[in-house]
Amino acid sequence: MSNPVESDKKSTDTAKQEVPPPKVVSTPSSPPPAPSAPPAPPAAKLPCEFCRRILDSAENLEKHKKDEHKADLKKLQALHTLSDSIVSKIGAGSSSSFVKPRRFKISVPVKKILKTALYLRDDIGYDSVESVSGVDWPNDNQFEVVYHLTSYSIKALEDTVLALSTKVPRDNPKAPSLESVWKSSEYHERETHEMFGIIFKDHPCLDLLLLPEDWCDIPPLRKDFNLPRRTR
Amino acid sequence: MAELSSFLVLSAILFSIGVYGIISKKSAIRILISIEIMLNAVLLNFVALSSFQVLEPPLLLTGQLFAMFVITIAAAEAAVGLALMVTVYRAHQSIEVSNLKRLKG
Amino acid sequence: MSTMSLSVGPQHPGSGHFRLQLKVKGDIIVDVVPDAGYVHRGEEKMCEYRNLVQNIPHLERPVILDSVGVLYPYVLACEDLLDIEVPERAQYLRVAMAEINRIISHLYWLGIYGIFLGHSTMFMWPMGDREPFIDLAQLASGARVTFAYLVPGGVRNDVPDSFESQALKVIRYFEGRLREYDNIFFSNPLFLGRTKGVGVLTKKDAISLGAVGPTLRGSGIRSDVRKTEPYDVYDELDFDIPVLDEGDSYSRAMVAFLEMKESLKIIKQAVEKMPKGPVKVGMRGQVRLPAGESYARAEAARGAMSYYIVSDAGKFPYRIKISPPSFRNLPTIPFLLKGARLADMPVIYWGINYWPVEADR
Amino acid sequence: MSEPIENVNDFIKKVLEIAFWVLIFLPMLIFPIILIVENYLPTKISTLMANPDPEMIFALLDSDFFRVAVFPGFTFAAGFAAFIGLWERKILAKMQMRVGPLYAGKFEGILQPIADLLKLMSKEIITPRGVDKPIFWAVPLITVAIAASLLAVIPLSETSVIARTDVGVLIIFAILSFFPIAALMAGWASNSKYPLIGALRALHQMVAYEIPMILAILGVVILSSSMNLLEIVRIQENIWFLFLLPIGAVVFFITALAELERVPFDLPEAESEIVTGWLTEYSGMLFGVILGIAVYVKFYAFAALFTVFFLGGWHGPSVIPAEIWFILKTFLVITLMIIPRGVYPRIRIDIMLRAGWAKLLMLSLLNIFVALLILELGILPVR
Amino acid sequence: MIDIPFLILSVLAIVTAIMALESKEIIYGAVSLAITFLMIAGFFIILQVPFLAMFQIIINVGAVAVIILFTVMLVGTGTVVATARDRKNSIFAITVGIVFAAGLIIILSQWPGAIRAVPISLSIKEWVGGIASMLIGPFTPVFLTAALLLTAALIGALTLAKSEGTPEEVKDG
């Protein structure tokens with residue numbers, strides 16, 4: 001039985017060569033592709049301390065580590081341009097929380113999340129949701145819903161994970177369900193709903209998944225569901 | 001050994017049980033069962049007569065040959081009858097002979 | 001033909017702690033409602049009341065089969081937040097243990113797959129062949145099932161020096177056994193008859209349903225976190241990712257089977273290339289995560305697993321979100337079972353390698 | 001008998017029903033006792049005990065009752081069946097790199113079958129609610145009876161055979177047709193979903209595989225031009241039918257596996273899908289009787305039939321007595337029938353039906369053609 | 001003297017025949033019918049025709065009774081409630097049955113013609129030879145029409161009972 005595994009020497013060194021700027025699918029309404037930034041001279045102003053930290057440690061390493069660092073730096077810059085282009089595309093209210101090597105986070109107002117999701121899936125190429133997590137911020141009275149997106153179709157974005165987050169008021173937590181954009185987020189959203197009480201509008205079936213049918217307590221993962229006081 | 005007449009009497013009794021069954025029973029399956037009983041009564045008659053009677057060699061075992069034919073045809077008839085019953089049940093949800101009045105399916 | 005509702009319940013020998021409500025018309029499954037949550041223990045809530053190191057034993061409890069695979073992303077996420085560099089030897093040890101655990105988990109799955117098909121030998125052989133690997137893991141970590149071997153910053157203890165020779169012996173033994181598995185099970189005409197063309201998952205559906213692991217790679221998508229985002233020393237080791245295109249139960253089983261061959265290669269390289277040196281970074285007693293958030297993923301036996309840790313520099317982590325591979329494979333089960341035959345239900349269900357405890361957390 | 005009797009009609013019905021059951025079971029019980037009391041045992045035993053003279057013992061050994069009850073009959077078959085149970089588990093264990101039953105009995109678990117029987121006897125027999133009691137309790141009895149009735153016709157040697165009939169092969173076909181009835185009654189009486197599916201599957205499988213089996217045996221009957229099993233074995237004096245009709249042997253082997261519901265075809269009690277099929281509701285000794293005794297006696301009977309039809313019954317160099325030859329050959333066939341359980345998974349119902357109706361039927365027709373060809377060319381020594 | 005086996009068999013046959021019709025549940029009816037067929041096969045053995053006895057068991061007990069049991073399971077389990085009209089009807093049926101039986105017995109008991117004291121008992125070879133020669137001789141057309149009729153019945157039964165189609169049809173149906 002011929003071994004169906006084809007040796008992929010080729011793919012191990014893709015991580016090494018220079019990552020092209022994100023291939024933007026040419027849709028008429030897409031913004032002008034970000035200019036492929038020439039490797040900025042190290043002295044130029046660097047947007048965040050991660051780049052500075054990589055630069056400081058660049059000097060005292062031997063030769064082969066150095067070009068690996070150069071590739072990391074270049075990819076980091078590519079991520080910067082990508083996240084800036086997304087933020088500019090969405091416009092008001094959205095901001096890029098951080099850009100780390102291979103991870104970057106963008107927070108978006110609730111009203112625009114559906115539009116952003118469609119844009120991210122069709123134009124940028126993030127075609128699958130890895131996990132949907134709710135985070136409870138009681139002191140600024142908000143729930144934060146974070147979608148972690150990854151992409152199978154585009155090779156360059158394969159190792160990056162975009163965290164798309166939006167904030168929902170704690171008293172009536174309503175957020176549009178992105179099940180129509182990514183089918184795989186259905187069960188994740190159902191679980192976030194039963195754990196936090198966030199209502200996802202027009203979700204196909206929003207009843208309890210993991211909790212028992214007769215669960216009548218407040219959603220368990222909220223901070224005011226204080227475990228020690230309940231179990232004593 | 002039992003003589004011919006006792007066999008004939010027995011098959012007559014079985015046959016009349018079959019007749020009683022056909023007349024009095026409502027469920028189609030009971031009617032099919034009574035038909036089977038009548039057929040077997042006739043079968044018994046055939047074989048009894050043919051083994052007690054003496055015919056010339058070429059036609060010696062006609063009765064038993066007929067018995068074999070009767071058995072096979074009875075089996076085929078039972079199969080078709082039951083297939084009919086299944087389709088009737090699927091259409092009317094019941095095989096009470098009394099309420100299978102309407103002609104349409 | 002009226003539809004009969006059948007519940008492949010939490011007690012059914014074919015489903016584990018998980019219920020599938022099937023509507024069956026004749027021999028065809030017409031409607032499937034998965035009912036998870038029978039063994040939900042609130043892992044994420046428990047994490048918020050334990051510090052960094054106390055979380056390790058209870059995080060690996062749900063998946064006793066693949067405890068290193070489950071802990072790997074948690075440890076990577078913590079190191080990302082703590083921003084510490086794991087020593088070289090610890091990275092090799094972690095990779096070796098992860099691959100040993102992958103083989104243990106795949107063998108368990110292959111065994112149960114055999115008994116589902118009524119093939120008792122295919123159940124007995126893998127169960128027997130797990131033992132040498134479990135002994136190898138016991139040699140390294142001291143435990144047979146829940147090793148708790150990975151800690152943020154490296155591994156708990158160094159391996160005895162007989163580990164390398166023992167590992168090479170087990171690898172030689174198992175390579176011979178894999179050839180026998182191939183001609184007894186995978187080219188067994190009745191096995192092919194039962195699994196070929198059953199529960200076909202196309203490439204597009206695999207992506208849209210968010211399948212991971214052998215289910216994804218069985219449908220022709222080359223995506224394995226060890227290759228797409230190499231963590232620790234995976235980029236220095238030479239191994240392949242088996243990918244098949246048919247997407248039926250046979251190709252999922254074949255992908256898992258070939259992965260075992262690759263894992264053997266990885267363990268051999270890791271054990272031979274392992275440099276001397278410290279096995280963990282001294283935490284100097286501070287087990288507080290600095291403020292910030294991190295998201296890490298690793299390739300567990302059943303597929304890509306990820307942890308999202310948010311911390312506000314308090315005593316305990318503020319929020320830990322676990323996204324296990326079985327939970328992400330859950331939508332594929334009803335999708336594939338609709339329209340399948342009742343006799344194919346175990347072949348499809350267990351082909352997806354769904355582990356109820358891991359999905360419920 | 002718990003319903004109160006309202007009117008005369010019910011009373012007559014109840015009397016008739018009791019009369020029916022008495023008339024059915026009375027002859028079954030009394031008849032053998034009459035046979036024993038009148039002809040053989042009590043008088044002979046007392047005199048035998050007094051002065052055991054060999055000639056009376058030989059007369060006893062030669063009597064029909066001994067043949068039915070002991071040697072080629074039920075006790076021998078049950079003992080052999082118990083041993084097969086142990087032998088099967090031992091072979092499977094060796095194939096699967098494990099040890100198999102070890103602790104019952106000194107030498108490698110030799111007493112394991114007895115241990116199983118005792119364990120099953122100690123288990124409580126639960127008859128679930130809503131179960132149709134008379135039929136539920138009758139099924140184990142019927143299964144054992146049918147399985148044992150196959151032994152009446154199988155000749156172990158020239159002398160030790162129970163029934164010397166000219167229609168031996170037809171009797172086997174007749175008994176074959178009883179098995180589906182037992183499965184259906186068990187499935188129906190258990191009054192629950194899984195046994196019903198199991199019973200229907202058993203029915204489909206047996207009907208689909210009975211016809212190729214009958215045609216395979218037909219090939220043998222054509223060659224030996226007689227339906228008397230003794231005759232069939234006598235003709236295989238110097239050449240076994242296995243070499244003349246290899247296709248028939250293969251078809252019979254496969255259909256025997258299907259009839260016995262052994263692994264490639266054990267759909268009716270497929271554990272992972274429908275929990276032990278039509279046997280689900282049985283527990284304790286009821287289960288023990290069916291699974292312990294009836295199934296293995298049937299297994300021995302089919303292996304013995306294979307030896308009679310294709311391996312030339314008791315023929316073999318006369319250094320060993322005929323019966324031992326027969327037992328050795330049956331033992332070989334049993335081992336061959338056990339091996340598929342270790343090698344093959346279960347096949348799906350539609351593959352099974354398609355294989356049964358299309359492929360095996362074709363093979364058995366081919367086999368009949370080969371048999372006629374051999375008859376024409378006169379390869380067999382003319383009788 | 002009336003020999004014991006014949007007596008037992010005939011009593012059993014009649015009782016099981018009545019049970020087949022009168023039993024409460026149809027399942028008992030089907031089982032008693034199978035036993036009746038068995039008794040008839042017993043008679044054939046008494047009449048020295050073992051081949052036909054086995055033939056009867058294979059076809060009637062093995063196939064017909066199994067199909068009836070199968071259909072009863074699938075279909076006919078409704079309990080039949082006996083209304084007043086039924087009781088009147090059954091009394092009428094019993095009288096017709098008895099009259100019929102009496103008539104038949106009177107006619108059949110004085111059966112003329114050369115009657116042998118003991119049924120002929122032929123060895124299997126002569127018997128099969130006789131049947132075969134008749135089949136090839138005067139009865140060939142009957143034999144062929146029987147074969148045609150059987151295939152027609154087979155096809156008819158299949159088309160009648162064929163309901164839902166293969167998995168594909170069920171899925172989109």
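Every chain is numbered from 1, with letters handed out A, B, ... down the list of sequences.
- In summary, the side chains of A:Ser107 and A:Ser95 do present a donor paired with an acceptor at a separation below 3.5 Å, with no hydrogens or angles considered.
- If you take OH on A:Tyr126 and OG on A:Ser153, they are separated by 10.5 Å, rounding to the nearest 0.5 Å.
- When each of A:Ser128, A:Ser97, A:Gly134 is checked for heavy-atom pairs under 4.5 Å with chain C, A:Gly134 comes out on top.
- In this structure, A:Lys223 satisfies the cation-pi test against C:Tyr318, with its NZ or CZ atom closer than 6.0 Å to the six-membered ring centre and inside 45 degrees of the ring normal.
- Looking at C:Asp80, only its side chain comes within 4.5 Å of chain A, counting heavy atoms on both sides.
- When heavy atoms are compared at a cutoff of 4.5 Å, A:Leu211 approaches chain C solely by way of its side chain, counted from C-beta outward.
- In terms of non-hydrogen atom pairs under 4.5 Å with chain C, the most contact-rich of A:Glu130, A:Glu158, A:Lys183, A:Arg103 is A:Glu130.
- Of the listed residues A:Thr160, A:Leu208, A:Val146, the one with more heavy-atom pairs under 4.5 angstrom with chain C than any other is A:Val146.
- Among A:Pro212, A:Ser185, A:Ser184, the residue making the largest number of heavy-atom pairs under 4.5 Å with chain C is A:Ser184.
- Neither the backbone nor the side chain of C:Asp312 comes within contact range of chain A, judged by heavy atoms closer than 4.5 Å.
- If you measure heavy-atom distances from A:Glu194 to chain C, you find no contacts under 4.5 Å at all.
- Ring-plane geometry between A:Phe143 and A:Phe196 is classed as perpendicular, the angle between the planes exceeding 60 degrees on a 0 to 90 degree scale with a lower cut at 30.
- Interface remark: A:Val132 contributes backbone atoms only to the contact with chain C (heavy atom separation under 4.5 Å).
- If you measure heavy-atom distances from C:Ile322 to chain A, you find no contacts under 4.5 Å at all.
- Defined by atom type and a distance below 3.5 Å, a donor-acceptor pair is missing between the side-chain atoms of C:Ser326 and C:Asn329.
- Contacts with chain A were tallied for C:Met46, C:Glu44, C:Arg297, C:His40; C:Arg297 has the most, counting heavy-atom pairs under 4.5 Å.
- A salt bridge between C:Arg226 and C:Asp235 is absent, with no side-chain N of the basic residue lying under 4.0 Å from a carboxylate O of the acidic one.
- With a 4.5 Å cut-off on non-hydrogen atoms, C:Glu48 touches chain A through its side chain but not through its backbone.
- In this structure, no portion of C:Ala304 lies under 4.5 Å from any heavy atom of chain A.
- Cation-pi check for A:Lys105 over C:Tyr295 is not met; the charged atom does not lie both under 6.0 angstrom from the ring centroid and within 45 degrees of its normal.
- With C:Tyr38 as the aromatic partner, C:Arg19 does not meet the cation-pi criteria of under 6.0 angstrom to the ring centre and within 45 degrees of the ring axis.
- A salt bridge is defined here as a Lys NZ or Arg NE, NH1 or NH2 lying under 4.0 Å from an Asp or Glu carboxylate O, and C:Arg217 with C:Glu259 meets this definition.
- For A:Tyr152, the part sitting under 4.5 Å from any heavy atom of chain C is the side chain, from C-beta outward, and nothing else.
- Residue contact with chain C, scored on non-hydrogen atoms closer than 4.5 Å, is absent for A:Glu186.
- Using a 4.5 Å cut-off between heavy atoms, A:Thr150 touches chain C through its side chain atoms alone.
- Of the atoms belonging to A:Trp137, heavy atoms from both backbone and side chain fall under 4.5 Å from chain C.
- Here C:Ser208 is the residue among C:Ser187, C:Ser208, C:Gly210 with the most heavy-atom pairs under 4.5 Å with chain A.
- Looking at C:Val39, neither its backbone nor its side chain comes within 4.5 Å of chain A, counting heavy atoms on both sides.
- A side-chain N or O of A:Glu189 and one of A:Tyr147 form a donor-acceptor pair less than 3.5 Å apart.
- Of the two parts of A:Arg121, neither the backbone nor the side chain holds a non-hydrogen atom closer than 4.5 Å to a non-hydrogen atom of chain C.
- Annotation: C:Phe186 is in aromatic contact with C:Phe191 [ring centroid separation under 6.0 Å].
- The aromatic rings of C:Phe316 and C:Tyr49 sit tilted relative to each other, their planes meeting at an angle between 30° and 60°.
- Of the two parts of C:Ser223, only the side chain, counted from C-beta on, holds a non-hydrogen atom closer than 4.5 Å to a non-hydrogen atom of chain A.
- A side-chain N or O of C:Glu99 and one of C:Tyr234 form a donor-acceptor pair less than 3.5 Å apart.
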